[in-house]
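For reference, the structure discussed in these notes is given below.
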Amino acid sequence: IILSLLIQILLKSFSINIFGSSLFQKKKVLVFIWRMSLDRLLTVDNLNKRDITIQGEATMCLFCKIENETLEHSLFMCKFVVDVWNACYR
């Protein structure tokens, strides 16, 4: 549910041209949203699912160093990321 809400927000922002007018930039945003919706972004969690093992502190979120790095944490739950989202939509 949270992922679909973020996709809707990003697509709405995309449609009002918040990311600039470059076709290359627009394609990159759409590819990111597409990969995010399929849970294909390269987080530690997804690398482990592909039998690429990362051990130790490298499994923790790069920003907060509190939680394991998953798609949901990296885009929605991390305190640092939440602050960035809030700053973008003020």
Side-chain angles (χ1 to χ4, degrees):
I1 296 174
I2 294 174
L3 185 59
S4 64
L5 290 174
L6 179 65
I7 291 170
Q8 290 174 10
I9 290 169
L10 287 173
L11 287 174
K12 183 177 179 184
S13 299
F14 181 73
S15 68
I16 61 172
N17 205 17
I18 200 169
F19 295 105
S21 60
S22 166
L23 183 60
F24 178 73
Q25 289 174 335
K26 290 179 181 181
K27 284 183 180 181
K28 290 192 69 86
V29 169
L30 289 176
V31 168
F32 177 83
I33 293 170
W34 173 67
R35 292 185 70 203
M36 179 181 63
S37 69
L38 296 174
D39 195 20
R40 297 287 190 249
L41 296 177
L42 292 179
T43 60
V44 172
D45 185 48
N46 282 338
L47 291 172
N48 285 334
K49 289 176 188 175
R50 298 175 186 187
D51 292 327
I52 301 172
T53 305
I54 298 177
Q55 299 175 350
E57 287 188 29
T59 63
M60 304 305 277
C61 172
L62 181 65
F63 302 114
C64 70
K65 304 278 192 225
I66 296 172
E67 297 285 333
N68 286 333
E69 185 184 80
T70 63
L71 178 68
E72 292 80 14
H73 177 78
S74 298
L75 294 177
F76 311 112
M77 309 294 219
C78 178
K79 182 188 177 339
F80 177 80
V81 173
V82 169
D83 291 343
V84 170
W85 281 117
N86 288 334
C88 289
Y89 287 98
R90 283 188 194 175

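Just so you know, these numbers come straight off a predicted model, no measurement behind them.
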If you measure from NZ on Lys49 to CG on Asp51, what distance do you get to the nearest 0.5 Å? 12.5 Å
Check: Cys61 and Met77 side chains under 4.5 Å, non-hydrogen atoms: no
Any side-chain heavy-atom pair of Leu38 and Trp34 under 4.5 Å: yes
Do any pairs count as a ring pair (Phe, Tyr, Trp, His ring centres under 6.0 Å) and have a residue in residues 50-69, sequence neighbours left out, and if so which ones? Phe63-Phe80
Could you tell me if the side chain of Thr59 sits less than 4.5 Å from the side chain of Glu69, heavy atoms only? no
Atom CD in Glu72, atom CG in Asp39: separation rounded to 0.5 Å? 6.0 Å
Are Ile66 and Val81 joined in one hydrophobic group, where the rule is that I, L, V, M, F, W and Y side chains link up if heavy atoms are under 4.5 Å apart? no
Quick check for you: to the nearest 0.5 Å, what is the distance between His73 atom NE2 and Met60 atom CE? 8.0 Å
Under the 4.5 Å side-chain heavy-atom rule for ILVMFWY, direct or indirect, which residues accompany Ile54? Leu42, Val44, Leu47, Ile52
Validation row: Met36, Leu71 side chains within 4.5 angstrom (heavy atoms): yes
Looking at Arg35 and Leu41, would you say the former's side chain and the latter's main chain have a donor-acceptor pair under 3.5 Å? no
Quick one: OG on Ser74 to CG on Leu62, what's the gap to the nearest 0.5 Å? 8.5 Å
